[in-house]
Amino acid sequence: MDNESAFIHEMMEKVISGSDLNFAEAERLIKTTDLNVLTQCADNITRTFNGNRVDVESLINAKSGNCPEDCHFCSQSSHYKETGIKVYPLLPREIVLERAKLAQESGSKSFCLVCAYKSPPDKDFDLICEMITEIKNTLNLDVNASLGSISREQARRLKTVGVKRYNHNLETSESYFSHICNTHDFGDRFSTAKIVKEEGLELCCGGIIGMGEDTKQRLELAFSIKSLEPDEIPLNILMGRTGTPLALQPRIDPMEAIRTIAVWRFIIPKGIIKIAGGRELNLKDDDKTALKSGANGIITGGYLTVGGNTAEKDAAMIKQIGLTT
Ligand code: SF4
């Protein structure tokens, strides 16, 4: 075994025995020339702590666009007028319920209700709580939510109506945050994620790679996420959306994305690292490789403002690589 391979195996043993990687070790891993060994060891860590199951989740964009924030990657920001997305207020209850039913029928175990708000207004929040109560009473699905910044009281209420997990991403590292958003800061995102955790909801907290950040900043983001002890970590790969400031950002190389996923698994050994937005566009068939390199979750059936693989296609892919849902 050469030095490089020996170091990766040493780091894997360290993580499997319950110790944390430090920043310098993560930096050496992400620069490795032995991507095969890195991904195999990341897969071993995944299997040790998380088994063979792939978490498959469906989303509904229950309120689209008109968000007052200026996140440079987001086509739902009201700062960017030419994005061509559908803009609509909170969907009626019947449509949300129907979509939840379809998600269950297509094999999803969880359903995430997503709304583009800075923070949810009271009237919409009440309606959302009623919808979630009805889904929980009529279907056998975990219900998750992503409604922007929420207060402690709102977090408590979501827990009471049966929300399992709340999503609030850090998006990018603290040192890069001002390059991708100017209407709020990293601290605002971190505080909401902390409230979610402190109020007893499971936390889903991740970010986006490929927005111009450097490799070190991808690690910085992973260590910030780890400090929040999330249950699920969505890793999005930028899809440069028309009309946004990042529309022409060059696409990340698929192997660079896989290398990042693998090292995130070394940093965060337990929990669902979910390849989220940008999977189909950036990874294409390499999504199989990603699920054998540290990731153990996917979003199926499309994203907030763009389509994706069908649930059937994803289920077949998971079976083909010997994993289960
Ligand atoms: S807060 Fe969320 S919905 Fe609003 S612009 Fe930023 S990412 Fe988009």
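Positions are given from 1, in the same order as the sequence printed here. Remember, it's 1-based here, ligands and their atoms both numbered in the order they're listed.
Less than 4.0 angstrom separates some heavy atom of F73 from each of these atoms of ligand 1: 7 (S).
Nearest non-hydrogen protein atom to atom 8 (Fe) of ligand 1 is C74 SG, 2.3 Å. Counting only heavy atoms of the protein, atom 4 (Fe) of ligand 1 lies nearest to C67 SG, 2.3 Å. The nearest heavy-atom contact from the protein to atom 6 (Fe) of ligand 1 is C71 SG, 2.3 Å. At the top of the distance list for atom 2 (Fe) of ligand 1, counting protein heavy atoms only, stands R189 NH2, 4.3 Å.
E213 and T172 share no donor-acceptor pair across their side chains, judged by distance under 3.5 Å alone. The closest side-chain donor-acceptor pair between T324 and R53, if any, does not fall under 3.5 angstrom. A side-chain donor-acceptor contact under 3.5 Å links N167 and N169. Using modelled atom types, one finds no donor on one side chain facing an acceptor on the other under 3.5 Å when comparing N144 with Y166.
Between F223 and F23, the angle of the ring planes lies from 30° to 60°, which puts this pair in the tilted group.
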